2 protein chains.
Amino acid sequence: MVSLDEVAHAAGVSAATASRALSGRGHVSAAARQRVTEAAERLGYVVSSAASTLASGRSRSIGVMIPDLHRWFFNSVLSGISDTLTRSGYDLTLYNVTRDVQLRREIFRAFLHRRRVDGVIVVALELDDWETKQLQELGLPVIVLGGPLHELPSMAIDDQAVTQLAADHLLALGHRKIGYIGGDQAFDADYHVPSRRRQGFISALHRYGIEADESLVQSADFTIEGGYAAAKQLYGAPGNHMTGIVAASDEMAIGALLAARDLGVSVPQQMSVIGIDGHELGHLFQLTTVDQQPVSQGHTAAEHMLRRVESDDKVTIDLPYSLVVRGSTAVPAHDAPNPCV
Amino acid sequence: MVSLDEVAHAAGVSAATASRALSGRGHVSAAARQRVTEAAERLGYVVSSAASTLASGRSRSIGVMIPDLHRWFFNSVLSGISDTLTRSGYDLTLYNVTRDVQLRREIFRAFLHRRRVDGVIVVALELDDWETKQLQELGLPVIVLGGPLHELPSMAIDDQAVTQLAADHLLALGHRKIGYIGGDQAFDADYHVPSRRRQGFISALHRYGIEADESLVQSADFTIEGGYAAAKQLYGAPGNHMTGIVAASDEMAIGALLAARDLGVSVPQQMSVIGIDGHELGHLFQLTTVDQQPVSQGHTAAEHMLRRVESDDKVTIDLPYSLVVRGSTAVPAHDAPNPCV
DNA sequence: ATTCAAACTGCAAGCGCTTCCAGTATGCCG
DNA sequence: CGGCATACTGGAAGCGCTTGCAGTTTGAAT
């Protein structure tokens with residue numbers, strides 16, 4: 001391993017100057033900088049992260065806490081974060097926060113305090129008070145993606161508005177008996193997203209003077225399998241005259257699409273289905289959705305993190321989203337027979 | 001931040017003894033260890049990773065290089081690795097190696113050399129000579145998952161045998177006209193896996209005295225969409241009398257299943273489909289597959305890494321796999337009409 | 001009781017950088 | 001041409017820990 005001293009010596013300057021030349025901090029003559037850069041390049045010098053961190057207090061690494069790598073939304077966000085950090089020369093330390101309570105506690109208790117990171121991006125985790133406190137006590141910039149959480153700077157889409165937009169799309173098409181696949185408090189692992197989306201659905205109906213029919217609301221775990229099972233329940237309920245479904249995630253919507261095929265319910269002729277997320281498979285399934293561009297969310301979060309979120313706290317950033325209309329939604333066939341068994 | 005000195009002082013010992021007590025290296029009396037541990041706990045002491053790394057040369061962090069976080073196989077492996085590392089108190093530094101050549105080069109040139117990690121696990125990346133050399137020159141333990149790569153210690157399933165097993169399953173059921181969805185050299189982003197699987201398919205046919213029909217072999221990119229498109233090609237080819245499909249990944253197999261539904265080809269009555277991987281959606285789709293337990297692969301890789309792979313090099317570990325028969329495969333209906341258009 | 005090894009402990013020397021500080025050189029102003 | 005600000009540079013002091021070394025104590029073996 002080449003040390004800074006060797007580079008400095010090769011360039012005919014002191015280690016101090018070499019350090020300044022390479023880091024860009026402080027004054028260095030153009031000539032010296034040139035020689036140092038060349039020597040470093042020639043010798044293949046790479047700064048020792050430990051030494052640099054210890055001396056400067058900066059680690060050039062960001063911690064990312066994320067719940068479930070299998071869920072498309074989360075690994076998309078992670079991709080976005082990773083991309084931006086790598087481009088900026090930052091490392092990414094991954095904390096995969098699973099349902100293992102003990103491990104989770106350990107991550108908050110010890111891992112984060114090792115000061116290996118300059119900041120922490122928390123993706124879609126519902127934090128309890130103790131965890132929030134741990135994060136705050138780090139004295140590091142923290143960004144919560146999928147908030148908002150009042151105690152910490154956060155970025156989030158307006159989940160209620162998003163779901164309302166999805167429901168509005170169906171309502172505007174003329175649907176009136178609309179089913180919902182989402183979650184309730186029991187699924188609030190991530191900032192009440194399930195609750196807030198459900199609320200958005202109900203509000204949308206209210207604005208059309210429709211009372212949500214509890215029998216048309218199904219809970220699921222945001223996965224394809226969960227959506228499939230929930231949709232089967234909805235399709236199977238006799239006489240509900242449902243013509244459309246709003247699913248709180250694209251994965252569940254895809255599940256609903258698969259269930260429809262299995263039961264011979266044609267989409268969009270007999271049933272319109274709309275999801276939320278912008279899943280990569282949406283195109284294949286011709287799924288109408290509200291795209292929340294998770295990769296971009298990752299980019300944005302990382303960029304903000306790199307700017308250190310100087311703005312004191314409670315920074316709450318609203319993220320964009322957009323309706324993408326594909327083939328899974330259409331005006332309801334009022335004359336058609338009830339597709340549900 | 002509480003320093004080791006404070007802990008040592010609180011426990012009435014020197015920093016050296018406190019360090020030994022907490023790390024477990026060297027001799028410390030039970031009494032001293034007890035007092036140090038208590039003091040550390042009470043003060044909330046957590047070792048500074050930078051200082052510890054600088055002094056000891058060990059960082060308690062493992063780097064993981066992985067290509068595509070969206071692909072289920074990769075994020076499964078990552079989950080497994082992460083789980084094992086976290087349980088052992090290790091951090092995971094994620095290097096998401098995308099198709100961006102410049103970024104990729106930078107990761108190998110600079111990131112790895114920062115000595116932030118004690119070892120590197122490379123998941124399913126086809127390394128060129130220069131990259132292999134960079135890895136070797138690190139002087140760190142490296143494990144390649146999805147090898148084998150002769151130059152570096154690696155772990156892999158026997159891709160040829162796996163695909164042969166899949167094809168054998170169909171052959172044993174009586175299928176003779178079998179299609180294949182996989183890849184050729186053009187898709188060899190990861191250790192010739194596409195090529196080796198294709199070879200396994202061809203060998204299996206040979207053992208039954210069947211020559212592979214080139215028109216029944218389709219290339220795809222291992223995604224659901226890719227499999228869907230490839231399967232449509234196969235189903236659409238007139239007069240091929242194909243009764244079964246081997247897909248080199250579950251995602252492509254699922255694509256084939258979806259295509260079958262869309263074209264009215266019934267599975268398994270008219271068409272048997274088998275995949276490879278053990279995808280979590282396999283259950284929903286009743287997909288027969290060869291499970292290679294990627295999460296366990298992650299565990300195994302991480303465990304080996306933690307044991308530092310003392311054994312010099314060229315450690316090549318064969319990973320297990322198993323056939324999981326579900327509903328997507330059955331004996332061919334010899335009397336049935338050709339399902340293909 | 002004597003000897004010796006092993007257990008234990010603290011001192012101090014780093015690990016490889018960054019950065020404060022003080023000193024020298026340079027440029028520009030009046 | 002003196003004076004002062006500014007650019008540049010190197011010395012040296014850490015950053016917070018680990019560990020070799022040497023000294024002290026203990027226990028067991030003779």
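As the structure is a computational prediction, the values presented were derived from the model and not from experiment. Letters go in sequence order (proteins before strands), and every chain restarts at 1.
- Within 4.0 Å of A/Arg20, counting heavy atoms only, lies at least one base atom of the nucleic acid.
- For the atom pair B/His304 NE2 and B/Ile121 CD1, the distance stands at 10.5 Å (nearest 0.5 Å).
- Within 4.0 Å of B/Ser3, counting heavy atoms only, lie sugar-phosphate atoms of the nucleic acid but no base atom.
- Distance, A/His113 NE2 to D/dG16 P: 17 Å, rounded to whole Å.
- Atom CE of B/Met305 is separated from atom CD1 of B/Ile81 by 9.0 Å, given to the nearest 0.5 angstrom.
- Rounded to whole angstrom, the span from the CG atom of B/Leu4 across to the P atom of D/dC17 amounts to 5 Å.
- Between B/Gly26 and B/Ala55, the residue anchored closer to the 5' end of DNA chain C is B/Gly26, taking for each the nucleotide with the nearest heavy atom.
- Contact annotation: B/Ser29 side-chain N/O to C/dT9 OP1/OP2 distance is under 4.0 Å.
- Here A/Thr17 does not reach the OP1 or OP2 of D/dT9: none of its side-chain N or O atoms lies under 4.0 Å away.
- Following rounding to the nearest Å, A/Arg114 (CZ) and D/dG16 (P) show an atom-to-atom distance of 18 Å.
- Side-chain N/O atoms of B/Ser14 include one lying less than 4.0 angstrom from OP1 or OP2 on C/dG10.
- To the nearest angstrom, C1' of C/dG16 lies 7 Å from OH of A/Tyr45.
- Within the 4.0 angstrom heavy-atom criterion, no nucleotide atom of any strand lies near B/Ala50.
- Using a 30° and 60° split on the angle between ring planes, A/Tyr95 and A/Phe111 fall in the perpendicular class, above 60°.
- Using a 4.0 Å cut-off, some side-chain N or O of A/Ser19 falls inside it from OP1 or OP2 of C/dT18.
- In this structure, a donor-acceptor pair under 3.5 Å is absent between the side chains of B/Gln297 and B/Gln293.
- Among the nucleotides C/dC17, D/dG16, D/dT19, the one closest to any side-chain atom of B/Arg25 is D/dT19.
- Comparing atom distances between the B/Ser48 side chain and each of D/dT18, D/dG16, D/dG10 picks out D/dG16 as nearest.
- Straight-line distance from the CD atom of B/Glu6 to the C1' atom of D/dG16: 11 Å, rounded to whole Å.
- Distances shorter than 4.0 Å separate some side-chain N or O of B/Arg58 from OP1 or OP2 on D/dT19.
- D/dG14 atom P lies 17 Å from atom CG of B/Leu54, rounded to whole Å.
- Protein atom NE2 of A/His27 is 18 Å distant from nucleotide atom P of C/dG23, rounded to whole Å.
- The CD1 atom of B/Ile107 lies 9.5 Å from the CG atom of A/Asp91; values are rounded to the nearest 0.5 Å.
- Separating the CE atom of B/Met1 from the C1' atom of D/dG16 is a distance of 13 Å, rounded to the nearest angstrom.
- Closest approach to the A/Ser56 side chain among C/dT18, D/dC8, D/dG10 is made by C/dT18 (side chain taken as heavy atoms from C-beta onward).
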